[in-house]
Amino acid sequence: MDKKLKIILFNILFIAVCAGIFLFLWNAPPETTRKIPHDEDHLRFVEMKKKAAEKFCGDCHGEKGVYPLPETHPPKYRCLFCHKRK
Ligand code: HEC
Ligand code: HEC
């Protein structure tokens, strides 16, 4: 094949792949995981460092807490990576 044609074809392929990735990310579903409630129980965590705040979640959301997590809850490591605060 002609060298120039090859380069053009590779460029088209590259652009097509980029467009594909872009569309894939563009169509990603919106974030649906619930944020932490903005109530007295949770307000103090908003200003804290994430790691520091997460030490307290278990007090209420642990097995013996007032609001234990359902058994179907996804892996619980680092609560605030999934449950956004704002
Ligand atoms: C003082 C007890 C307490 C602490 C500490 C606490 N929670 Fe909660 N949390 C509750 C209670 C009670 C509810 C249910 C009532 C409500 O929605 O406010 C709840 C509800 C939630 C919900 C569900 C919101 C919804 O829309 O159903 C999430 C998510 C949550 N907490 C995350 C966290 C995270 C993350 C932490 C640690 C940073 C945390 N909580 C610390 C008591 C607490
Ligand atoms: C990997 C992501 C992830 C992590 C980490 C995570 N959660 Fe969740 N959590 C979810 C999803 C998904 C749901 C269910 C869908 C929803 O309602 O947002 C949920 C639901 C909840 C609920 C509501 C339960 C109900 O049905 O009433 C609470 C409370 C909660 N999580 C607290 C926590 C706490 C506390 C931690 C840390 C110990 C934590 N989560 C860590 C993703 C996560």
Side-chain angles (χ1 to χ4, degrees):
M1 210 194 304
D2 176 18
K3 212 172 167 195
K4 253 191 187 158
L5 189 65
K6 234 181 187 170
I7 291 172
I8 291 171
L9 280 177
F10 270 122
N11 274 305
I12 291 173
L13 191 69
F14 176 74
I15 290 166
V17 169
C18 285
I21 292 171
F22 176 79
L23 282 176
F24 176 74
L25 292 174
W26 186 260
N27 283 322
E31 226 178 300
T32 51
T33 305
R34 273 179 261 171
K35 293 181 179 158
I36 65 171
H38 288 183
D39 60 9
E40 271 174 39
D41 285 340
H42 300 87
L43 220 49
R44 63 190 173 121
F45 300 123
V46 174
E47 301 303 328
M48 269 190 218
K49 288 240 192 288
K50 280 189 186 161
K51 252 200 161 134
E54 282 159 350
K55 291 202 174 74
F56 299 98
C57 309
D59 293 352
C60 299
H61 295 292
E63 261 172 58
K64 300 208 166 69
V66 291
Y67 194 121
L69 298 179
E71 262 174 48
T72 51
H73 188 280
K76 302 174 184 83
Y77 184 68
R78 305 295 325 254
C79 318
L80 296 175
F81 278 179
C82 298
H83 299 286
K84 297 275 160 59
R85 293 178 288 184
K86 289 178 189 162

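Along the sequence shown, residues are numbered consecutively beginning with 1. Given the structure is predicted, the values throughout are model-derived calculations rather than measurements. As the structure lists them, so they are numbered: ligands from 1, and atoms in each ligand from 1.
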TODO: May I ask which of H38, R44, H61, H83 has a heavy atom nearer to atom 33 (C) of ligand 1 than the others do?
DONE: H61
Open item on the list: Checking contacts here: is it the side chain or the backbone of C79 that comes within 4.0 Å of ligand 2, counting heavy atoms only? Could be both or neither.
Closed with: both
- [ ] Just let me know how P70 lines up against ligand 2, side chain, backbone, both or neither, with a heavy-atom cut-off below 4.0 Å.
- [x] side chain
Open item on the list: Counting only nitrogen or oxygen atoms and a 3.5 angstrom limit, does Y77 reach ligand 2?
Closed with: no
- [ ] Indicate yes or no: does an N/O atom of T33 lie under 3.5 Å from an N/O atom of ligand 2?
- [x] no
Open item on the list: Would you say atom 15 (C) of ligand 2 makes contact with the protein, given that contact here means a non-hydrogen protein atom less than 4.0 Å away?
Closed with: no
Open item on the list: For ligand 1, which is the ligand I care about here, please tell me if H42 has any N or O atom under 3.5 Å from one of the ligand's N or O atoms.
Closed with: yes
Task: C57 and ligand 1 - part of the residue with a heavy-atom distance under 4.0 Å - done: both
Open item on the list: Applying a heavy-atom cut-off of 4.0 Å, say which part of F81 lies close to ligand 2: side chain, backbone, both or neither.
Closed with: neither
- [ ] Answer side chain, backbone, both or neither: which part of D39 comes under 4.0 Å from ligand 1, heavy atoms only.
- [x] side chain
Task: Residue and atom name of the nearest protein heavy atom (relative to atom 3 (C) of ligand 2), distance in Å to one decimal - done: C82 SG, 2.7 Å
- [ ] Give the residue and atom name of whichever protein heavy atom lies nearest to atom 42 (C) of ligand 1, and the separation in Å to one decimal.
- [x] D41 OD2, 3.6 Å
- [ ] Identify the protein heavy atom lying closest to atom 43 (C) of ligand 1, giving its residue, its atom name and the separation to 0.1 Å.
- [x] C60 CB, 3.3 Å
TODO: Just go through P74, G58, G62 and tell me whose heavy atom is the nearest to atom 13 (C) of ligand 2.
DONE: P74
